[in-house]
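Just so it is clear, the structure is predicted and the values come from calculations on it, not from any experiment.
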Amino acid sequence: MLVTSFLAWIDRAAPKERAEATDLLARAYLNRTLGEETPEAAEAALTLVLDDPAKSVRRALACALADHWQAPRHIVLALAADQPEVGAPLLARSPVLQEADLIDLAAHAEPKALLAMSAA
């Protein structure tokens, strides 16, 4: 029900509300407290967030996933390659990103993203 409600509501919500809901859904996914929903359904909903026009929403997802090994790799990679304000938490802290990922990302990164990588 959590994912279904999230998907039904997300198109009508303001960016701040979408960011808060995204954070809650990501944390429920990571903690496996999804109730009747499957992790695959939550991962699919979180993947949709990658297309959100608001940086604050994508950053909320990046912050929620930044410290977790179980974060979906495709989402982490997409957010890490996003604008520096979005990707910085992942570039600095994500255990999902491997050295080769960081090298690839650094090749096209803006200075702010490079600073985040150097903090890792």
Shortest non-hydrogen pair, Pro15 vs Val57, comes out as O-CG2, 3.5 Å

Can Arg27 be said to sit on top of Tyr29's aromatic six-ring, NZ or CZ under 6.0 Å from centre and within 45° of the ring axis? no

Quick one, Trp69 with Leu30, criterion side chain to side chain contact (heavy atoms under 4.5 Å, CB included). Give me CA distance, side-chain angles, the key distance, then yes/no. CA-CA 9 Å; Trp69 281 100; Leu30 293 167; over 6 Å; no

Gap separating the CZ atom of Arg59 from the CG atom of Asp52, nearest 0.5 angstrom: 15.0 Å

First locate atom CZ of Arg18, then atom OG1 of Thr22, and finally report the distance between them rounded to the nearest 0.5 Å. 8.0 Å

Identify whether the distance between the nearest side-chain nitrogen and carboxylate oxygen of Asp101 and Arg73 falls below 4.0 Å. yes

On a heavy-atom basis, which atom in Val96 and which in Ala71 lie closest, and how many Å separate them? CG2-O, 3.8 Å

Check Ala66 against Pro95 and note the closest heavy-atom contact, atom names and distance. O-CD, 3.4 Å

Flag side-chain contact, heavy atom, 4.5 Å: Gln83 against Arg58: yes

Nearest 0.5 Å please: distance from the CD atom of Glu43 over to the NE2 atom of His74. 5.0 Å

Could you state the interatomic distance from SG (Cys63) to CG (Leu79), rounded to the nearest 0.5 Å? 10.0 Å

What are the two closest heavy atoms between Ala80 and Leu97, and how far apart are they? CB-CD1, 4.1 Å

For the side chain of Glu37 and the backbone of Leu34, is there at least one donor-acceptor N/O pair under 3.5 Å apart? no

Starting from Trp9, can I reach Leu25 by hopping between I/L/V/M/F/W/Y residues whose side chains sit under 4.5 Å apart? yes

Looking at CG of Asn31 and NE2 of His68, how far apart are the two atoms once the value is rounded to the nearest 0.5 Å? 7.0 Å

Please tell me whether Leu24 and Leu65 are part of a single hydrophobic cluster in this structure, the criterion being side-chain heavy atoms less than 4.5 Å apart. no

How far does OG of Ser94 sit from CG of Leu77, to the nearest 0.5 angstrom? 8.5 Å

Output yes when Arg93 and Asp67 qualify as a salt bridge under the 4.0 Å nitrogen-oxygen rule, no when they do not. yes

Find out if a path of hydrophobic residues (ILVMFWY) with successive side-chain heavy-atom gaps under 4.5 Å connects Val3 to Leu48. yes

